[in-house]
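FYI, the numbering just counts along the sequence from 1.
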Amino acid sequence: MARQTGIIKLKGTVGGISFYKTSDGHLAREKGGVDGNRIKNDPAFQRTRENGSEFGRAGKGGKILRDAIRLLLQNVTDKRVTANLQKRLVQVVKSDTVNDRGLRTVQDGNMGLLQDFDFNSKAKLGRTLYASYQGNLDRVTGEGTVDVDPFQPATMIAAPGGTTHFKIVTGLAELDFVNETSVFDSDESSILPWDNATTSLINLSASVTAASTLPLIQVIGVEFFQEVNGTMYPLKNGAYNALSVVAVDQD
């Protein structure tokens with residue numbers, strides 16, 4: 001594809017060239033490609049069909065995960081999260097050693113590859129929260145806990161300009177990729193001042209089905225606020241809020 005750099009940006013097709021806009025800017029590419037029926041039926045495109053099937057399965061898995069944690073994800077702004085998660089889940093699908101090529105699934109792949117996935121690529125948890133914390137995921141009880149040691153927020157949290165307060169959040173998702181359902185629970189700290197006063201120990205807990213045999217994913221995040229006349233406002237629409245996968249249990 002080519003990039004449009006002129007003052008006037010085009011949309012549509014001219015002379016066999018399609019002009020369009022994406023999150024990467026205004027682009028252009030030659031119109032054409034292989035006929036869809038040929039891809040569906042020609043033996044020469046067997047690998048293409050297999051790749052397409054697994055790509056679609058990864059996409060569906062990403063939607064199940066995003067929908068499961070929506071309560072927290074809606075506070076994180078990253079227009080690339082769907083594409084980034086899709087890319088990671090394609091890796092998970094490809095790690096499936098149970099099923100044949102083209103039939104590989106998320107649930108039979110190595111879901112541990114989702115570990116440390118950041119739902120906001122511009123505000124990664126490891127570059128936002130420097131305080132020491134311990135996460136624990138107990139499949140038997142269905143409980144996921146997070147203990148954040150006392151810390152000085154102004155030193156141990158990298159906050160964007162305008163921040164006056166913050167909170168720590170956690171969530172636990174139980175994912176059923178076969179039936180396309182999920183169970184989710186979350187917890188959060190109080191909204192705390194972003195200053196040099198040392199916090200108390202923060203204990204958070206979320207629970208799903210005890211003794212579940214489904215994949216479990218635990219996430220931790222930080223959300224920022226600005227206090228104006230006693231009211232807390234989310235800062236910059238969540239553009240700097242962090243949310244990351246910190247534990248995966250696939251049974």
Side-chain angles (χ1 to χ4, degrees), residues 23 58-59 61-89 91-92 106 111-137 143-149 151 153 156-163 165-175 182-192 194 199 202-208 215-226 232-249:
S23 58
K63 184 177 187 307
I64 293 170
L65 173 54
R66 295 195 312 276
D67 288 350
I69 65 170
R70 178 169 174 74
L71 185 66
L72 300 180
L73 188 59
Q74 65 182 351
N75 300 324
V76 175
T77 302
D78 183 356
K79 59 185 178 182
R80 291 185 175 277
V81 65
T82 300
N84 290 339
L85 183 58
Q86 170 88 4
K87 183 178 180 180
R88 188 70 70 92
L89 283 169
Q91 296 175 2
V92 172
V106 172
M111 291 191 60
L113 294 173
L114 288 172
Q115 181 78 33
D116 299 326
F117 177 81
D118 286 289
F119 291 91
N120 189 348
S121 59
K122 295 182 179 178
K124 297 184 176 181
L125 184 66
R127 298 176 185 173
T128 303
L129 178 62
Y130 293 92
S132 175
Y133 64 87
Q134 300 79 43
N136 183 59
L137 188 54
E143 184 180 28
T145 60
V146 175
D147 298 325
V148 185
D149 298 331
F151 63 99
M156 303 306 287
I157 288 184
T163 296
H165 291 73
F166 71 97
K167 67 179 179 182
I168 308 291
V169 300
T170 187
L172 181 60
E174 176 187 356
L175 304 168
S182 63
V183 177
F184 180 73
D185 188 30
S186 66
D187 196 7
E188 60 186 37
S189 70
S190 303
I191 296 179
L192 303 169
W194 185 69
T199 68
I202 297 173
N203 302 112
L204 303 177
S205 175
S207 298
V208 293
L216 305 179
I217 288 182
Q218 184 182 36
V219 298
I220 298 175
V222 182
E223 298 179 5
F224 296 103
F225 300 87
Q226 184 176 75
M232 296 293 176
Y233 294 90
L235 195 68
K236 298 179 180 178
N237 297 320
Y240 296 95
N241 290 346
L243 185 67
S244 179
V245 175
V246 293
V248 179
D249 189 328

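Between Val222 and Ile168, the closest side-chain pair of non-hydrogen atoms falls below 4.5 Å. Ile202 places none of its side-chain heavy atoms less than 4.5 Å from the side chain of Tyr133. The side-chain heavy atoms of Val246 and Leu125, taken from C-beta on, include a pair separated by under 4.5 Å. At a threshold of 4.5 Å between non-hydrogen side-chain atoms, the residues Phe225 and Lys167 count as touching.
A side-chain donor-acceptor contact under 3.5 Å links Asn241 to the backbone of Phe224. Between the side chain of Asp185 and the backbone N or O of Ala206, no donor-acceptor pair lies under 3.5 Å. The main-chain N or O of Lys122 is found under 3.5 Å from a side-chain atom of Asn120 such that the two form a donor-acceptor pair. A side-chain donor-acceptor contact under 3.5 Å links Thr170 to the backbone of Val219. Under a 3.5 Å cut-off, the side chain of Thr199 and the backbone N or O of Phe151 do form a donor-acceptor pair. Glu174 contributes no side-chain N or O that, together with a main-chain N or O of Val183, makes up a donor-acceptor pair within less than 3.5 Å. Side-chain atoms of Trp194 come within 3.5 Å of backbone N or O of Ile157 as a donor-acceptor pair. Although no hydrogens or angles enter the test, the distance criterion places no donor-acceptor pair under 3.5 Å between the side chain of Gln134 and the main chain of Asp149.
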* Give the C-alpha distance, both sets of side-chain angles, the deciding distance and a yes or no for side chain to side chain contact (heavy atoms under 4.5 Å, CB included) between Leu65 and Ile217. => CA-CA 9 Å; Leu65 173 54; Ile217 288 182; 4.1 Å; yes
* **side chain to side chain contact (heavy atoms under 4.5 Å, CB included) assessment of Ile69 paired with Phe119** => CA-CA 11 Å; Ile69 65 170; Phe119 291 91; 3.5 Å; yes
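The distance from atom CG of Leu114 to atom CG of Leu89, rounded to the nearest 0.5 Å, is 5.0 Å. From Thr145, atom OG1 reaches atom CG of Asp147 across 5.5 Å, with rounding to the nearest 0.5 Å. Interatomic distance, Asn84 CG to Phe117 CZ, rounded to the nearest 0.5 Å: 5.5 Å. Note: Leu85 CG to Asp78 CG = 11.0 Å, rounded to the nearest 0.5 Å. Atom NE2 in His165 sits 11.0 Å away from atom OG in Ser190 (nearest 0.5 Å). The OG1 atom of Thr163 lies 4.5 Å from the CG atom of Leu235; values are rounded to the nearest 0.5 Å.
Heavy-atom minimum distance, Leu172 versus Gly144: CD2-N, 3.5 Å. Ala68 and Leu175 get closest at one heavy-atom pair: CB-CD2, 3.7 Å. Summarising the geometry of Ala58 relative to Gln86, their closest heavy-atom pair is C-OE1, 3.6 Å, with the distance given to 0.1 Å. Nearest heavy atom pair, residue Gln115 against residue Arg88, reads O-NH1, 3.5 Å. The minimum heavy-atom distance linking Leu71 with Ser186 is given by the pair CD2-OG, 3.4 Å.
Scanning for side-chain hydrogen bond (donor to acceptor under 3.5 Å, both in side chains) contacts around Asp67 gives Lys63, with sequence neighbours left out. Evaluation of the side-chain hydrogen bond (donor to acceptor under 3.5 Å, both in side chains) rule for Asn136 yields no partner, not counting sequence neighbours.
Around atom CZ of Phe166, more than 12 heavy atoms belonging to other residues, nucleotides or ligands sit under 6.0 Å away.
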